[in-house]
> 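First the structure, then my questions, so here it is.
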Amino acid sequence: MEIVFKAGNIIEAHIVAGMLNACEIPTYVGGHFLQGAVGDLSPTGFANVFVASEYFDQAAALVADYEKNDLCSGDLVTSPRFVHSF
């Protein structure tokens with residue numbers, strides 16, 4: 001597994017993982033327990049989204065669009081693999 005996204009916090013990591021899962025890219029979010037270990041401080045760099053190597057290129061392209069706040073440019077919503085939940 002490879003890190004495809006380093007999130008600012010665990011919530012953002014799950015948002016990105018959910019986006020990738022909606023495109024049928026399996027993910028693993030790591031860092032749940034590391035973030036809580038520092039107490040009430042606001043740590044960063046602990047929450048990461050991992051994908052298998054065979055999904056890395058596709059996931060990296062979607063994450064790049066997410067980081068640009070331009071998800072439609074990656075044809076995410078019009079992709080036949082996108083699972084609409086609304």
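Model, not experiment: these values are computed from the prediction.
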> Shortest non-hydrogen contact from Ala17 to Val29?
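Scanning both residues, the minimum pair turns out to be CB-CG2, 3.6 Å.
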> If I compare all heavy atoms of Ala13 with all of Ala7, which pair ends up nearest, and what's the gap?
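Minimum heavy-atom contact is N-CB, 3.5 Å.
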> Going by the rule ring pair (Phe, Tyr, Trp, His ring centres under 6.0 Å), which residues pair with Tyr28 if we only count those two or more places apart in sequence or in a different chain?
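Ring pair (Phe, Tyr, Trp, His ring centres under 6.0 Å) check on Tyr28 returns Phe50.
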> To check you understand the geometry: which heavy-atom pair defines the closest contact between Ser53 and Glu2, and what is its length?
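Distance-wise, the nearest heavy atoms are OG-OE2, 2.9 Å.
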> Under a 4.5 Å side-chain heavy-atom rule over Ile, Leu, Val, Met, Phe, Trp and Tyr, are Phe56 and Met1 clustered together?
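No, it is not one cluster - the side chains of Phe56 and Met1 are not joined through contacts under 4.5 Å.
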> Identify which one of Asn48, Thr27, Ile25, Val49 satisfies the side chain to side chain contact (heavy atoms under 4.5 Å, CB included) criterion when paired with Val4.
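That would be Val49; it is the only one of Asn48, Thr27, Ile25, Val49 passing the side chain to side chain contact (heavy atoms under 4.5 Å, CB included) with Val4.
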> If you round to the nearest 0.5 Å, how far is CD of Glu12 from CZ of Phe5?
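Rounded to the nearest 0.5 Å, the CZ-CD separation comes to 3.5 Å.
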> Who pairs with Ala52 by side-chain contact (heavy atoms from CB on, under 4.5 Å), at least two apart in sequence or on another chain?
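With sequence neighbours excluded, Ala52 shows a side-chain contact (heavy atoms from CB on, under 4.5 Å) to Glu54, Tyr55, given in chain and number order.
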> Which heavy atom of Gly31 sits nearest to which heavy atom of Ile10, and what is that distance?
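Answer, listing the atom of Gly31 first, then Ile10: C-CD1, 4.2 Å.
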> What are the two closest heavy atoms between Glu24 and Pro26, and how far apart are they?
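Here Glu24 and Pro26 meet closest at O-CD, 3.6 Å.
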